[in-house]
**Student:** 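Take this structure first; my questions come after.
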Amino acid sequence: MALQQIRVCDITGDKEGVEVQEFEVDDRKYRIDLNPGEQEKLSGLLKQAHEIREALQVYVEKAEDTTPGQPTLPGKAAKKDTGPDAADVRRWAKSTSHRINGEPIPERGRVPQAWKDAYSVSRQRAALERGIPHLASDSGGQEAGEPSAAPAPVEETEQAAASQ
């Protein structure tokens with residue numbers, strides 16, 4: 001005995017050329033019966049959603065998650081911060097009375113990149129002065145003193161502050 005299965009498009013009710021489609025949205029899996037026209041529409045929408053997510057990723061990586069009740073740890077989409085620890089940067093800035101653009105380091109929130117850069121340069125110089133060149137390399141693996149897109153030296157940040 002044979003059974004015949006008739007699929008019906010879940011969107012239009014059509015019976016012609018209907019196939020099961022599986023797809024994912026926000027880490028959830030879905031299954032739906034669609035005719036060829038609806039399959040094409042779904043495919044186009046999923047492609048647009050992917051392109052929009054990619055375009056938004058730049059903003060999501062830089063933004064602070066302010067969702068009420070959520071942990072303050074970076075979310076799945078956030079890029080892991082590989083720079084110096086914020087507490088270390090704040091301790092250094094306060095102990096040296098370092099200022100950037102005439103302002104002290106912010107007491108709360110994210111530590112701006114300029115502060116992290118100044119801290120890293122200070123650590124690199126201190127390591128070189130102590131004769132420990134392997135500690136003087138920046139996160140990119142270059143030795144201190146080599147030309148790079150490295151942060152401005154501490155004196156340059158102070159000079160910039162004085163000129164403003």
**Student:** Between the main-chain N or O of P106 and the side-chain N or O of R90, is there a donor-acceptor pair closer than 3.5 Å?
**Tutor:**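 Yes, because the side chain of R90 sits within donor-acceptor range (under 3.5 Å) of the backbone of P106.
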**Student:** Quick one: does T96's side chain have a donor or acceptor within less than 3.5 Å of a partner on W92's backbone?
**Tutor:**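 Indeed, once roles are kept as given, a pair shorter than 3.5 Å links the two residues.
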**Student:** Taking it one step at a time, do E19 and Q21 satisfy side chain to side chain contact (heavy atoms under 4.5 Å, CB included)?
**Tutor:** CA-CA 6 Å; E19 293 181 11; Q21 297 294 306; 4.1 Å; yes
**Student:** Is there a path of hydrophobic side-chain contacts, each under 4.5 Å between heavy atoms of I/L/V/M/F/W/Y residues, joining V25 to L42?
**Tutor:**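 Linked within one cluster.
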**Student:** When you measure from the side chain of Q39 to the backbone N and O of L34, does any donor-acceptor pair fall under 3.5 Å?
**Tutor:**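 Answer holds: yes.
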**Student:** Connecting only ILVMFWY residues whose side-chain heavy atoms lie within less than 4.5 Å of each other, what is the rest of L45's hydrophobic cluster?
**Tutor:**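 Hydrophobic cluster check, L45: no partners found.
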**Student:** Return the set of residues passing side-chain contact (heavy atoms from CB on, under 4.5 Å) with S43 (not counting sequence neighbours), or none when no residue passes.
**Tutor:**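 Partners of S43 by the side-chain contact (heavy atoms from CB on, under 4.5 Å) criterion come out as none, since no residue qualifies.
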**Student:** Would you check if K94 and E107 make a side-chain contact, meaning some heavy-atom pair closer than 4.5 Å?
**Tutor:**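 In contact.
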**Student:** Sub-3.5 Å donor-acceptor pair from the side chain of N101 to the main-chain atoms of E103, do we have one?
**Tutor:**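 No, the answer is negative, given that no donor and acceptor are paired below the 3.5 Å cut-off.
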**Student:** Could you tell me whether the side chain of V111 reaches within less than 4.5 Å of the side chain of Y119, counting heavy atoms only?
**Tutor:**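 Side chain of Y119 against side chain of V111, heavy atoms only: no contact under 4.5 Å found.
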**Student:** Is it the case that more than 12 heavy atoms not belonging to Y30 sit under 6.0 Å from its OH atom?
**Tutor:**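 Check passes, neighbour count above 12.
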**Student:** Looking only at non-hydrogen atoms, find the nearest pair between A114 and I100 and report the distance.
**Tutor:**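 Taking every non-hydrogen atom into account, O-CD1, 3.5 Å.
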**Student:** Could you check if a side-chain atom of D14 sits within less than 4.5 angstrom of a side-chain atom of V8, using non-hydrogen atoms only?
**Tutor:**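 Heavy-atom side-chain distance check fails, nothing below 4.5 Å.
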**Student:** Are Q113 and D117 linked by a side-chain donor-acceptor pair shorter than 3.5 Å?
**Tutor:**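 Yes, because at least one side-chain N or O of Q113 sits under 3.5 Å from a partner of the opposite role on D117.
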**Student:** So, using side-chain contact (heavy atoms from CB on, under 4.5 Å) as the criterion, who are the partners of R7 when residues are at least two apart?
**Tutor:**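 For R7, the residues satisfying side-chain contact (heavy atoms from CB on, under 4.5 Å) (neighbours in sequence not counted) are Q5, V18, V20, D33.
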**Student:** Measure the acute angle between the ring planes of H98 and W115, then classify it against the limits of 30° and 60° as parallel, tilted or perpendicular.
**Tutor:**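 It falls in the perpendicular class, over 60°.
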**Student:** Report the distance from atom CG of N35 to atom CD of E16, rounding to the nearest 0.5 Å.
**Tutor:**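 Between N35 CG and E16 CD, I get 9.5 Å after rounding to 0.5 Å.
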**Student:** Of all heavy-atom pairs between C9 and E38, which one has the smallest distance, and what is that distance?
**Tutor:**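 It is SG-CG, 3.9 Å.
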**Student:** Are the side chains of I32 and I11 in contact, using a 4.5 Å heavy-atom criterion?
**Tutor:**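 A side-chain contact under 4.5 Å exists here.
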**Student:** Roughly how far, to the nearest 0.5 Å, is CG of D85 from NZ of K116?
**Tutor:**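 Between K116 NZ and D85 CG, I get 9.5 Å after rounding to 0.5 Å.
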**Student:** Say whether, by atom type as modelled, one donor and one acceptor occur between the side chain of R110 and the main chain of A63 under 3.5 angstrom.
**Tutor:**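 Between the backbone of A63 and the side chain of R110 there is a qualifying donor-acceptor contact (under 3.5 Å).
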**Student:** To the closest 0.5 Å, what do you measure between CD (E51) and CG (L56)?
**Tutor:**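 It is 12.0 Å, given to the nearest 0.5 Å.
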